[in-house]
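Encoded as structure tokens, the structure appears first; notes follow it.
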Amino acid sequence: MASSGKMEGPSAPAVRRDPYEVLSVPRDSSDQEIKSAYRKLALKYHPDKNASNPEASELFKEVAYSYSILSDPEKRRQYDTAGFEALENEGMDMEIDLSNLGTVNTMFAALFSKLGVPIKTTISPTVLEEAMNGIVTVRPLPVGTSATGKVDKQCAHFFGVTISEEQAHSGIVVRVTSPAQSKFKLLYFEQEVNGGYGLALQEDSQKTGKVTSAGMYFLHFQVYRMDSTVNALAMAKDPEAAFFKRLEGLQPCEVSALKPGTHIFAVYGDNFFKPASYMIEAMCAKSYEETTERLKEIESKILAKRNDLRQFETEYRKALARFQEVTNRYTQEREAVDDMLRERDNIHCSFTTERTLVNPVGAGCSSSRYTTEHSIPESPENGSLDGRDKSGKKKWFNLNLNRSDKKA
């Protein structure tokens, strides 16, 4: 199942290895363990840090490719079931690092994004390395307050949210919005033993109404985020599948609760060219008890609806196939009836004492005909009788009406 082989496509390495082996994780690893392993290896082999080592660039691609499989629940399930063969016909995408793109490629990426094509982007290794080394500036963000700012592309603004035991028990929500519809990422870092910060969660901004927004909800129950890039290529190939795949991008958030203390969040500028403007808010769920219950209820309903849609898609596909079969038969039966009625009309027209000269297909009874030797002879009123020449008879228009000549 995990044997190496060739695969076309720029996002795949020349030779494929077992993704679990590449990331050095067991097959029963959690999403968080896979994500943590990927980030460490991506930081280790990133081309910016290994400019003189071409092999590192290939390893970076292999790590990114393996993560693109294991980070997607559906692709991971397909791989676990049937290996790489199950992914051959799927559109394999990978995240791109905007800081490593040239100007022309960045322009193309920006154009596709503007056209609505989902493009995954990675976080600059410089930002991750500075956070890991603990050399970032952290601004305090008290619960119940907000802060605004503009962050340059591929840079991050860090905030420290300190929560009490009571607030941690009630739940915490951190949201970022941008009325300018900037692209950004909301990041959550965990404290490392060396005093630095390791990336634990990230949420890409999504367009919601007239703004872009992203949020993290630590409310002691399972909350889901929507990944719009999941199955995007599959939906493009099969527009009818777009509806059924809308909820397949739901992925469970790895962290559902925070402990008392200070927690580090960051807003990362993900625009292609210009800084991202934003407003970040930290809130205690105790002030939003009704809203929290509504969110819990709707999350449960959406998850149940996703399961219903999976079953309904199967029923729909069968019904659609049956409909197409019946529609094709309807067309055939209609043509058959038209042909038989046309033939019937032609047969009716064959019952005649006149012989048809030409009987083109579909001409019906309107064909040209000529009179046979058994035709009824012309009546005396209509023409020559017995073939005698009547030219000797005087006609009124040949009479000499000029009587004045005789009197003369």
Side-chain angles (χ1 to χ4, degrees), residues 7-9 11 69 72-93 111-119 206-209 224 226-251 298-370:
M7 179 179 180
E8 297 179 357
S11 59
I69 296 175
D72 187 316
E74 180 63 18
K75 291 175 184 176
R76 183 179 181 181
R77 182 191 65 78
Q78 291 175 346
Y79 176 80
D80 289 343
T81 303
F84 286 114
E85 289 75 11
L87 304 172
E88 290 292 342
N89 296 326
E90 295 292 327
M92 293 300 297
D93 52 5
L111 175 61
F112 285 124
S113 179
K114 195 74 174 177
L115 293 174
V117 179
I119 296 179
Q206 302 285 342
K207 188 175 180 181
T208 52
Y224 295 83
M226 180 65 75
D227 185 354
S228 61
T229 62
V230 171
N231 295 319
L233 293 180
M235 288 189 287
K237 293 179 181 179
D238 184 6
E240 286 188 357
F243 168 70
F244 295 104
K245 300 300 182 184
R246 282 186 67 181
L247 300 183
E248 292 301 324
L250 283 176
Q251 297 183 2
I298 196 64
E299 289 282 33
S300 177
K301 287 183 178 179
I302 290 176
L303 193 61
K305 179 59 68 177
R306 182 177 67 176
N307 295 331
D308 291 343
L309 282 180
R310 289 172 177 172
Q311 181 178 357
F312 176 57
E313 182 179 11
T314 302
E315 298 174 4
Y316 172 79
R317 297 289 183 186
K318 290 181 180 179
L320 181 62
R322 176 60 179 161
F323 172 76
Q324 292 174 340
E325 178 184 347
V326 171
T327 302
N328 291 338
R329 180 177 176 183
Y330 171 82
T331 302
Q332 295 171 359
E333 295 290 359
R334 185 181 62 184
E335 293 176 351
V337 169
D338 289 343
D339 290 342
M340 287 188 290
L341 291 177
R342 190 181 301 112
E343 183 178 359
R344 179 173 177 268
D345 289 341
N346 289 335
I347 293 174
H348 285 172
C349 293
S350 298
F351 290 95
T352 178
T353 56
E354 297 179 333
R355 189 167 57 199
T356 303
L357 280 175
V358 181
N359 187 21
V361 177
C365 299
S366 61
S367 305
S368 301
R369 297 183 178 88
Y370 71 93

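Just so you know, these numbers come straight off a predicted model, no measurement behind them. Along the sequence shown, residues are numbered consecutively beginning with 1.
One distance of note links OH of Tyr316 with CZ of Phe243; it measures 10.0 Å at 0.5 Å rounding. Between the CG atom of Asp308 and the CD1 atom of Ile302 there is a distance of 12.5 Å, given to the nearest 0.5 Å. To the nearest 0.5 Å, atoms CG (Leu303) and CD1 (Ile298) are separated by 11.5 Å. Note that CE of Met340 and CD of Glu343 are 9.0 Å apart. Values are rounded to the nearest 0.5 Å.
Between Leu247 and Arg306, the shortest heavy-atom distance links the atoms O-CD, 3.1 Å. Closest non-hydrogen pair, Phe244 versus Leu309, comes out as CD2-O, 3.8 Å.
For Glu325, the side chain to side chain donor-acceptor pair (under 3.5 Å) partners at least two apart in sequence or on another chain are Arg322. Take Arg329 and apply the side chain to side chain donor-acceptor pair (under 3.5 Å) test, not counting sequence neighbours, and it matches Glu333. The side chain to side chain donor-acceptor pair (under 3.5 Å) test applied to Arg77 returns Glu74, not counting sequence neighbours.
For the pair Arg342/Asp339, a side-chain contact is recorded, criterion being any heavy-atom separation below 4.5 Å from C-beta on.
At distances below 3.5 Å, at least one donor-acceptor pair connects side-chain atoms of Glu299 with backbone N or O atoms of Tyr224.
Considering Gln311, Arg317, Glu315, Arg310 as possible partners of Glu313, the one that fulfils the side-chain contact (heavy atoms from CB on, under 4.5 Å) test is Arg317.
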